[in-house]
2 protein chains.
Amino acid sequence: MSAAEMSAAEAQVSIWMRPENVERSGPGRRPGYSRAQITQAAVDVADREGLDAATMRRVAQELGTGAMSLYRYVPKRDDLIDLMLDAVVGEIELPERPSGDWRADLSLVAHQTRAVGLRHPWQATLTRRPTLGPNSLRVYDFALSALDGFGLHIDEMTSLCGMVGDYVASAVRDEIGWLDHARHTGMNRKQWMAQYVGPYVRHVVESEQYPLFNRTIREGRLSHLSPDARFQYGLNHVLNGIAAALPDTTTG
Amino acid sequence: MSAAEMSAAEAQVSIWMRPENVERSGPGRRPGYSRAQITQAAVDVADREGLDAATMRRVAQELGTGAMSLYRYVPKRDDLIDLMLDAVVGEIELPERPSGDWRADLSLVAHQTRAVGLRHPWQATLTRRPTLGPNSLRVYDFALSALDGFGLHIDEMTSLCGMVGDYVASAVRDEIGWLDHARHTGMNRKQWMAQYVGPYVRHVVESEQYPLFNRTIREGRLSHLSPDARFQYGLNHVLNGIAAALPDTTTG
DNA sequence: TCCAATCGCGTACGTTGTACTCGAAATGAC
DNA sequence: GTCATTTCGAGTACAACGTACGCGATTGGA
């Protein structure tokens, strides 16, 4: 099998099954970079300038090399993004084992996940199959184990944890949603509200066609809360919903 | 203000505030297409070949014209995608008013939204600020009004409806997640499972590092259910969670 | 009939991911 | 030390993208 055929075959395989050639012995030049190094450079660029700016050329430039050099370490840009995702999930700090207080544990996962999302705004704009990298698996396992011991079926635990995950993902998206738009249009949030969506919302409200939407605008206090408080407000509802599915712990 | 300056200024405005020039009177050639027509062509292409295939060139080709002709009707491709999103949301069929059975009403919205997601798989892969087009507003208002009359604050209704929306979006993404990947790699689901993720999952399971993940693989029945049943299973949990937040209706 | 406005759309530019290619560098065997 | 072997770094090239610009064709009103 030639090197070209080898590479073509391996390109079909998950990046997590494709360890980079580290500590190789034998003839040939030694690699000057590493996957971790390239991933970090890509994360840095994406943090500063957005995911769209983290092109192969730009990431290579960050490292002081040429675009094609990166392909010695990463098969495709998509795979690099997988690596980036798992890398930032690695920033989530969790204890080895759940505390026994499921509500505190899931709350911790939720807040940590949100913090990562805000630190790396490009991450929330991605929709892809959940990354199965080592860091993601660790967080996933911790969240599930917080609901262990209540006699629930594993499928039920998955569903309930999923509610938290769905909420956090969507909340973070909302929080930073305007960021990417701002980068593209050059407008900050105030300008965007005032120029782009403000007049339209006013127009919709005045049309009186959507009574509940109007109540949201007129009576809703949610959008006036601090981002932290807003996040906590919604999270409480989700956790309350989970509590309802557990065998009664406090009452009874 | 010149025409160029005009167009530059208008480009900053929401597409919903930019009605196309219809039924114009005065000199000048009459338009040969319409926003609705272009939107429909784009949706058709995206349905058949994926959103990435719905380029300006390809959509124009679908209509038998040139790429630049579209820009007489749509300012940017991003705006066209907004139009596409609201267009498919328009396929959601809902009664004029909620039935009074909140669970049935939210269930209806959830199932209809899922159906649209499966019919137009590209839609679920998008993450953007919620479209404020007329069809999206109608669905949003219906969902909120299903929870009206329980004495809840509008913010609470928003949070609870959000849980349903988050669940549906994430469930649909899971259901069709492999589709886009399949289109890119040319693998169908079986091949993807067998070649791409299967060996890696086996490797992870055998490592015994993630006990709850292992239980999911070994004891989980969720992934063996039909997609319909799986969706219903998760939806029931979400609706149960909402029931817990309502003043007691059945009990008491 | 003629003017001014509008449409259809060809051409062109800057950017993207990445296939191909080849010289440079590093090593083990002798 | 010398050389054959292997791998790395990176320049060049290509196809495809969104879209700015500009021009000929078309149209209604004066």
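In what follows, chains are A, B, ... by sequence order, proteins preceding strands, each numbered from 1.
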A:Lys76 side-chain N/O to C:dT18 phosphate OP1/OP2 under 4.0 Å:
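Yes, within the criterion.
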
Phosphate OP1/OP2 of D:dT27 contacted by B:Arg30 side-chain N/O (<4.0 Å):
no

B:Leu94: which residues meet the side chain to side chain contact (heavy atoms under 4.5 Å, CB included) condition with it, sequence neighbours left out?
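By the side chain to side chain contact (heavy atoms under 4.5 Å, CB included) rule, B:Leu94 matches B:Ile92, B:Leu108, B:Val109, B:Arg138, B:Val139, B:Phe142.
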
Going by side chain to side chain contact (heavy atoms under 4.5 Å, CB included), name the residues that satisfy it together with A:Ala110, two or more places apart in sequence or in a different chain.
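Side chain to side chain contact (heavy atoms under 4.5 Å, CB included) list for A:Ala110, sorted by chain: A:Val164, A:Val168, A:Phe231, A:Leu235.
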
In chain order, what residues pass the salt bridge (charged side-chain N to carboxylate O under 4.0 Å, His left out) check against [X], with sequence neighbours excluded?
| X | result |
| --- | --- |
| B:Asp44 | none |
| A:Arg35 | none |
| A:Glu93 | none |
| B:Arg58 | B:Glu49, B:Glu62 |

Take the protein atom [atom1] of [X] and the nucleotide atom [atom2] of [N], then report the distance between them rounded to whole Å.
| X | N | atom1 | atom2 | value |
| --- | --- | --- | --- | --- |
| A:Leu80 | C:dG17 | CG | P | 10 Å |
| A:Arg35 | D:dC8 | CZ | P | 12 Å |
| B:Asp78 | D:dT19 | CG | C1' | 13 Å |
| B:Tyr33 | C:dT6 | OH | C1' | 15 Å |

Of all of residues 66-74 of chain A, which get a heavy atom below 4.0 angstrom from DNA chain C, listed by number?
A:Met68, A:Tyr71

Nucleic acid contacts of residues 55-64 of chain B, taken as heavy-atom distances under 4.0 Å to DNA chain D
B:Thr55, B:Met56, B:Arg57

Output all residues satisfying ring pair (Phe, Tyr, Trp, His ring centres under 6.0 Å) with A:Tyr73, sequence neighbours left out; order by chain, then residue number.
none

Under the side chain to side chain donor-acceptor pair (under 3.5 Å) test, residues paired with A:Ser69 that sit two or more places apart:
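Per chain and number, A:Ser69 pairs via side chain to side chain donor-acceptor pair (under 3.5 Å) with A:Thr65.
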
Side chain proximity check, A:Tyr33 to A:Arg72, heavy atoms < 4.5 angstrom
no

Validation row: B:Leu144, A:Tyr210 side chains within 4.5 angstrom (heavy atoms)
no

Note the angle between the end axes of the helix from C:dT1-D:dA30 to C:dC30-D:dG1, five pairs defining each, rounded to 10 degrees.
10°

Scan for salt bridge (Lys or Arg N to Asp or Glu O under 4.0 Å) pairs involving residues 108-126 of chain B, sequence neighbours excluded, and state none if there are none.
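Every salt bridge (Lys or Arg N to Asp or Glu O under 4.0 Å) pair that includes a residue of residues 108-126 of chain B, provided the two are not neighbours, is B:Glu91-B:Arg119, B:Arg114-B:Glu175, B:Arg114-B:Asp228.
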
